[in-house]
Amino acid sequence: MEKLLRNFFLFLSKSKFLTKLAKKYGLRFGASRFVAGETMEQAVKTIKELNKKRLSVTVDYLGEFVDNEKEANEIADQCILAIDAIAKENLDAQISLKMTSMGLDISNEVVMNNMQRILERAKENHVFVTIDMEDYSRCEKTLEIFKQLKEKYDNVGTVLQAYLYRTEQDLRDLSKYNPNLRLVKGAYKESPEVAYPAKNDVDENYKKLIKLHLDNGHYTAVATHDDAIINYTKEIVDKFHIPREQFEFQMLYGIRPEKQLDLVREGYKMRVYVPYGTDWYGYFMRRLAERPANVAFVLKGIFKK
Ligand SMILES: Cc1cc2nc3c(=O)[nH]c(=O)nc-3n(C[C@H](O)[C@H](O)[C@H](O)COP(=O)(O)OP(=O)(O)OC[C@H]3O[C@@H](n4cnc5c(N)ncnc54)[C@H](O)[C@@H]3O)c2cc1C
């Protein structure tokens, strides 16, 4: 049943029709539990509240699978506004973005132009930018773009997904770039030809990747809500004397807020991924796919006036 629900929500997450409808009707159905608002002003308010609690942030102007240049350029403009707001308000925040929102599906030229504009502004303002990882069909291209950008910019990192068979090799290949990587389990529906179907295998691969990346001396963001993975990370950083400046934990806004604060109290760096914007639908559906308990919460939201 859980698997069925997961596939159902991942299927819904790809609907262009529902994405458009959701944009038109605004944040609904409990989406505001996971999305900080539709405007940068609302996001800034949330970031300030999180920073007050000593939680760092990475902020994401929502948008994905963009298929026209005008929209991709507009999303890049929004990212630049977010960088300006971070600098102006002196926020403890970075930004995250998706290659398909920068124009990956349009042309290499569009995506590179947008990324260079963003990274220049981010560099001027000492803001770090993480390129989120999307579905498998975009993985190779995303890594190629990351490598090209990393030759020129130090303030860019990306994400690797533990559910993909290819990831260990990608991590080894990227090592020469001294990359700052966020490691995650992976959020998209992938075929067993490219991704481990069993949760156990994903978890084991995740642990292996965390250890490998830390061992190689690179900055590692462990982005998970899973206690087993968090505890494993704590154990190996102690065992191998990994300095606290070399890693951090990350979680999504609205998920396990108490655990986030516990980690801060224990002296770990904890970063919250804060999405905002009108294009919240796909992101929200993936969160529902991850945890059926969230669906009950949403149903309550629908029937509550
Ligand atoms: C900061 C961040 C950035 C991300 N970026 C990307 C990206 O670029 N690309 C990508 O594909 N994916 C990304 N993801 C999503 C990621 O791939 C997973 O889909 C998502 O994090 C769920 O996996 P999990 O590691 O939390 O563990 P899961 O296997 O989903 O959960 C494991 C356990 O965590 C606990 N848990 C989970 N949720 C809750 C909850 N709501 N309340 C209480 N306990 C809970 C439960 O004990 C659960 O059994 C990102 C995730 C984070 C946190």
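Whatever order the structure lists them in is the order used to number ligands and atoms, beginning at 1.
Interface atoms of ligand 1 facing Asp132, defined by a heavy-atom separation under 4.0 Å, are 8 (O). Near Ala223, the atoms of ligand 1 lying under 4.0 angstrom from a non-hydrogen atom of the residue are 1 (C), 2 (C), 52 (C), 53 (C). Residue-ligand proximity, Tyr273 to ligand 1, at heavy-atom distances under 4.0 Å covers atoms 1 (C), 3 (C). For ligand 1, the atoms sitting less than 4.0 Å from at least one non-hydrogen atom of Gly186 are 11 (O), 16 (C), 17 (O), 19 (O), numbered in the order shown with element in parentheses. For ligand 1, the atoms closer than 4.0 angstrom to any heavy atom of Tyr188 are 11 (O).
A cation-pi arrangement is absent between Lys185 and Tyr206 under the rule of less than 6.0 angstrom and at most 45 degrees off the ring axis.
There is a side-chain donor-acceptor pair under 3.5 Å between Glu134 and Thr100. At a cut-off of 3.5 Å, with distance as the only test, no side-chain donor of Tyr276 or Asp60 sits close to an acceptor on the other residue. Inspection of the Ser56 and Asp92 side chains reveals an N or O donor paired with an N or O acceptor under 3.5 Å. Using a 3.5 Å distance cut-off with no hydrogens or angles, the side chains of Asp173 and Gln169 do pair a donor with an acceptor. When only modelled atom types and interatomic distance are considered, Ser96 and Arg182 share a side-chain donor-acceptor pair under 3.5 Å. Gln161 and Tyr136 share no donor-acceptor pair across their side chains, judged by distance under 3.5 Å alone. Looking only at atom types and distance, the side chain of His218 has no donor-acceptor partner in the side chain of Asn180 under 3.5 Å away. Of the N and O atoms on the side chains of Glu49 and Thr46, not one donor lies less than 3.5 Å from an acceptor on the other residue. Side chains of Tyr61 and Asp77: no donor on one and acceptor on the other come within 3.5 Å.
Note on ligand 1: Ile255 sits in its first shell, one or more heavy atoms being nearer than 4.0 Å.
For Met251, every heavy-atom contact with ligand 1 shorter than 4.0 Å involves the backbone, none the side chain. When non-hydrogen atoms are compared, ligand 1 lies under 4.0 Å from neither the backbone nor the side chain of Arg271. Here Lys199 has side-chain heavy atoms under 4.0 Å from ligand 1, and that is the only part of it that gets that close. Using a 4.0 Å cut-off between heavy atoms, Val159 contacts ligand 1 through its side chain alone, with no backbone atom that close. Contacts between Leu252 and ligand 1, counted as non-hydrogen atom pairs separated by less than 4.0 Å, involve both the backbone and the side chain.
Of the polar atoms of Gln161, at least one N or O is found under 3.5 Å from an N or O of ligand 1, judged by distance alone. Taking distance alone, with nitrogen or oxygen atoms compared against 3.5 Å, Tyr206 stays at or beyond that limit from ligand 1.
Across His225, Arg33, Lys98, Gln250, heavy-atom proximity to atom 26 (O) of ligand 1 is greatest for His225. When Thr130, Thr158, Val184 are checked for heavy-atom proximity to atom 6 (C) of ligand 1, Val184 turns out nearest. Nearest to atom 23 (O) of ligand 1 by heavy-atom distance, out of Glu190, Glu248, Lys259, Lys185, is Lys185. For atom 3 (C) of ligand 1, the choice among Met133, Arg182, Glu258 with the nearest heavy atom turns out to be Arg182.
Ser175 places no side-chain N or O within donor-acceptor distance of the main-chain N or O of Arg172, the cut-off being under 3.5 Å.
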